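Below is one structure; the comments refer to it alone.
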Number of protein chains: 2
Amino acid sequence: MATTLDDIAKETGLSRATVARAIGKYGYVSKKAREKVIAAAKKLNYKPNYIAKSMATGETKNIGLIVGDIQNPFFSTIARAISDVIVPEGYSLIVTSTDEKVEVEKTSIDRFFQKQVDGLILAPVSRSNSDHLKDLVKSEIPIVLIDRIIEGLDVDMIVSDDLGGGFEAAQYLLELGHRRIGFLSDTLDISTNYDRIAGYREALSKYGIEEKQSWVKLGGFTIEGAYKSGVSLLGQNKDITAVIATNNYMAAGLLLAAKDMGIVVPRDISVISFDDIVWFDLCNPPITSVAQDTREIGSMAAKRILMNIRGQRYEKGLTRLPTRLIIRESCTSPRD
Amino acid sequence: MATTLDDIAKETGLSRATVARAIGKYGYVSKKAREKVIAAAKKLNYKPNYIAKSMATGETKNIGLIVGDIQNPFFSTIARAISDVIVPEGYSLIVTSTDEKVEVEKTSIDRFFQKQVDGLILAPVSRSNSDHLKDLVKSEIPIVLIDRIIEGLDVDMIVSDDLGGGFEAAQYLLELGHRRIGFLSDTLDISTNYDRIAGYREALSKYGIEEKQSWVKLGGFTIEGAYKSGVSLLGQNKDITAVIATNNYMAAGLLLAAKDMGIVVPRDISVISFDDIVWFDLCNPPITSVAQDTREIGSMAAKRILMNIRGQRYEKGLTRLPTRLIIRESCTSPRD
DNA sequence: ATGAAAGCGCTAACAG
DNA sequence: CTGTTAGCGCTTTCAT
């Protein structure tokens, strides 16, 4: 059995209350008593029991994180960034993956609720299916949404300038001379994709180009799913000269598909992806990408949560972090 | 304030104990009483408080995971695999990164202890500095070590056949005709590296080759660190014709270094890396690698922990998962 | 400055 | 089948 405050109380002959004050560094304790307690604590190898503490204080010092897939470098970067700000403050990160399924999101939220996390950081699965989030927001638990927007929710949201990013990517290709540009994405129910495509469309229309419906292909959110969508996108649109991928999974699937189909990048097709990751630099060819400030999304979210927990006031709301086009070698002018 | 069992008891006119039994599905409860309770629970939107439950049962339904860096695809894959087995069983995953620092490992373990996790999965930082792990193992908390071995510890360990992998990688290069082979690694204090290098040395000696000291370069465990080590390895050993990288971070650093130094893979130098990841397939050239059964490491660890928690008996000890050489295009015969 | 005691929400004997 | 009661380990008034 682990040693408790009572053990120390017995050992020192003091009361539990005094010992608690000495250990917890609050209230009045005489220097002598404190020293006795510290000594006894060390001798008995006392470790405070957080569960009991939580029970009494209502704080767990745990923050929940719900993302699509913690294995996705985009999300694991965010997880690390969050961790880096909360761990020094005594908090721990509980992570779970939804695979972008609303049901899983709901049960995850429920579980975190029951486990009494002090705050929740969430990349919401669906713009349309979000009533459960409304209830969440009404609860007292601090929450911040990352990467994706839910309309009409009075909550902190930290996202990238996806519309701008989509526009910039498309514009870059258009300037290069491309006129038939595909877009590989997963569900539009994620605002990130929706906005990126909106940006892409804005650019197309600015250049007077009429988008063909088959240019935008929506597929599963795994690399395997993206591969299939990539094959179908490329197969159905032989005349396409460039493709934008909405994230690194989509890019991987697309690149793999192109490779298998004997389509050479950028000779046959130019490619831009969102989600800048190291390996883009090492790809053949190095992939031009729209970089988000991924770590900053995590850091900001964590800081907001902490302020929120501590009851510090700040203006709650939507923050859009700018994106940055990183030009590498996966885009050239079209051949024809 | 959230509704408690007491509220339901009051609402239904039953006792708290009966309500608890109905909710917790244990012990005898009449059908009528159960229905009343369920109805009241729904009406009052009751959510069980896990903290209180933990307090009473001593179980938190939380599993701790301590790795070098959750952002590393190798570790995030493991995290996901663990998650996939424990979440359906009602457990949650608390993750933390050590940056391979012993001090951080110690404080992380302490914190998890205080938070009363039901089990701990750990990629230990150091073979030599592991006394704190001895204490840990003596405690009652279920623990399994992953990816790395600590000698003389009576604990579950799930690792890859690193010696075999190192041997196979080196042998492959030797068969190709290479005679001067570098090895880029981080600290030898991690058994994984130690064993991989041992395998490499075994292969060298089998082929009657005397290793030069400058061939093995140890560097920081980040991509940036690996880049520097890569530059120095390549700079100091102009005659080297092949390099083995001990993990994907090392490979990234090495490849980036080679690129900047105008060294072309595989024309000037052949490269093999451990840690097979998707992007190896998309690299220029696609990287030959020693793949570990990464997901399985996580799954097994999780299953062990669960069995352990449940007091199910099984033979505790070391499991070595076989590695697999995946040949792509980053190795050729040396030019000279 | 210290101690006594109540209470956080739930579980688990035990008695009935 | 149900109710009573005693904790789990810590915090936190309220007295002293």
Side-chain angles (χ1 to χ4, degrees), chain A residues 1-38 40-41 44-62 90 110-111 113-118 140-141, chain B residues 1-38 40-41 44-62 90 110-111 113-118 140-141:
Chain A
M1 220 36 230
T3 53
T4 70
L5 284 185
D6 264 329
D7 298 330
I8 300 184
K10 229 162 276 165
E11 174 82 13
T12 56
L14 293 160
S15 76
R16 183 161 78 254
T18 305
V19 173
R21 278 189 281 259
I23 297 280
K25 304 186 208 300
Y26 59 92
Y28 296 100
V29 192
S30 68
K31 201 173 161 209
K32 210 170 112 198
R34 186 192 325 280
E35 280 163 1
K36 251 164 97 178
V37 169
I38 304 289
L44 299 176
N45 191 28
Y46 171 77
K47 311 258 187 201
N49 178 332
Y50 256 80
I51 300 296
K53 191 179 217 159
S54 298
M55 183 86 232
T57 61
E59 280 191 345
T60 57
K61 295 278 185 181
N62 285 149
D110 268 1
R111 186 172 294 178
F113 236 86
Q114 295 170 183
K115 294 214 169 157
Q116 314 285 113
V117 296
D118 292 347
E140 290 137 72
I141 176 175
Chain B
M1 218 36 230
T3 55
T4 71
L5 284 186
D6 265 329
D7 297 329
I8 300 185
K10 230 163 273 164
E11 174 83 12
T12 57
L14 293 160
S15 75
R16 181 161 83 253
T18 304
V19 173
R21 278 188 282 259
I23 297 280
K25 302 186 210 301
Y26 60 93
Y28 296 101
V29 191
S30 69
K31 203 174 157 206
K32 211 171 110 196
R34 186 191 325 279
E35 280 164 2
K36 252 164 97 177
V37 170
I38 305 289
L44 299 176
N45 191 27
Y46 171 76
K47 309 259 190 205
N49 178 331
Y50 255 79
I51 300 295
K53 191 179 215 157
S54 299
M55 184 84 229
T57 61
E59 281 191 344
T60 57
K61 294 277 184 181
N62 284 150
D110 268 1
R111 186 171 294 179
F113 235 89
Q114 294 170 183
K115 294 214 171 160
Q116 312 285 114
V117 295
D118 291 347
E140 291 136 71
I141 176 174

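Below, read A as the first sequence line, B as the second, and so on, with proteins coming before strands; counting in each chain starts at 1. Note that this is a predicted model, so its numbers are computed, not measured.
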> How long is the line joining NZ of A:Lys10 and P of D:dG9, in whole Å?
Replying inline: 11 Å
> Between A:Lys47 and B:Asp110, is a side-chain contact (heavy atoms from CB on, under 4.5 Å) present by the stated rule, with each step listed?
Replying inline: CA-CA 8 Å; A:Lys47 311 258 187 201; B:Asp110 268 1; 3.0 Å; yes
> Atom CD1 of B:Ile23 to atom C1' of D:dT2: distance rounded to whole Å?
Replying inline: 16 Å
> Does a side-chain N-to-carboxylate-O contact under 4.0 Å join A:Asp118 and A:Lys61?
Replying inline: no
>> Restricting to non-hydrogen atoms, name the atom on B:Tyr46 and the atom on B:Leu5 that form the minimum distance, rounded to 0.1 Å.
In response: OH-CD2, 3.5 Å
> Atom NZ of B:Lys47 to atom C1' of C:dC10: distance rounded to whole Å?
Replying inline: 18 Å
> Bend angle of the helix from C:dA1-D:dT16 to C:dG16-D:dC1 from five-pair axes at both ends, rounded to 10°?
Replying inline: 40°
> Can you check the A:Tyr50 OH to D:dC10 P distance for me, whole Å?
Replying inline: 12 Å
Name the pairs: protein N/O against N/O of nucleotides 3-5 of chain D, kept only if under 3.5 Å.
unit_1	atom_1	unit_2	atom_2	d
D:dG3	OP2	B:Ser15	N	2.9
D:dG3	OP2	B:Ser15	OG	3.0
D:dG3	OP2	B:Thr18	OG1	2.6
D:dG3	N7	B:Arg21	NH2	2.8
D:dG3	O6	B:Arg21	NH1	3.1
D:dG3	O6	B:Arg21	NH2	3.4

>> Please find the pair of heavy atoms, one from A:Ala40 and one from A:Thr12, that lie closest to each other, and give the distance.
In response: CB-CG2, 3.6 Å
>> Taking 4.0 Å as the cut-off, does a side-chain nitrogen or oxygen of A:Tyr46 come that near to OP1 or OP2 on D:dC10?
In response: yes
>> Closest approach to the side chain of B:Asn49, judged atom by atom: which nucleotide of D:dT2, C:dT2, C:dG9 is it?
In response: C:dG9
>> Below the 4.0 Å mark, does D:dT16 have OP1 or OP2 next to a side-chain nitrogen or oxygen of A:Tyr28?
In response: no
> Which is it for A:Thr60 and A:Lys115 under the side-chain contact (heavy atoms from CB on, under 4.5 Å) test, yes or no, and what are the steps along the way?
Replying inline: CA-CA 8 Å; A:Thr60 57; A:Lys115 294 214 169 157; over 6 Å; no
> Can you check the A:Leu5 CG to D:dG9 C1' distance for me, whole Å?
Replying inline: 7 Å
>> Taking the nucleotide of DNA chain D with the nearest heavy atom to each, does B:Lys32 or B:Met55 sit closer to the 5' end?
In response: B:Lys32
>> Quick check: closest heavy atoms across B:Met55 and A:Ile51, and the distance to 0.1 Å?
In response: N-CG2, 3.8 Å
> Is the shortest heavy-atom distance from the side chain of A:Thr18 to the side chain of A:Arg21 under 4.5 Å?
Replying inline: yes
>> Taking 4.0 Å as the cut-off, does a side-chain nitrogen or oxygen of B:Ser30 come that near to OP1 or OP2 on D:dT2?
In response: yes
> In whole angstrom, what separates A:Lys61's NZ from D:dC10's P?
Replying inline: 16 Å
> Please give, in whole Å, the distance from D:dC8 C1' to B:Lys115 NZ?
Replying inline: 19 Å
>> Tell me the closest heavy-atom pair linking A:Ser15 and A:Ala9, and the distance in Å.
In response: C-CB, 3.9 Å
> Any side-chain heavy-atom pair from A:Thr3 and A:Ile8 closer than 4.5 angstrom?
Replying inline: no
> Of the nucleotides C:dC10, C:dA12, D:dC10, which has the atom closest to the B:Thr57 side chain?
Replying inline: C:dA12
> Tell me: CD of A:Glu59 to P of C:dC8, nearest whole Å?
Replying inline: 17 Å
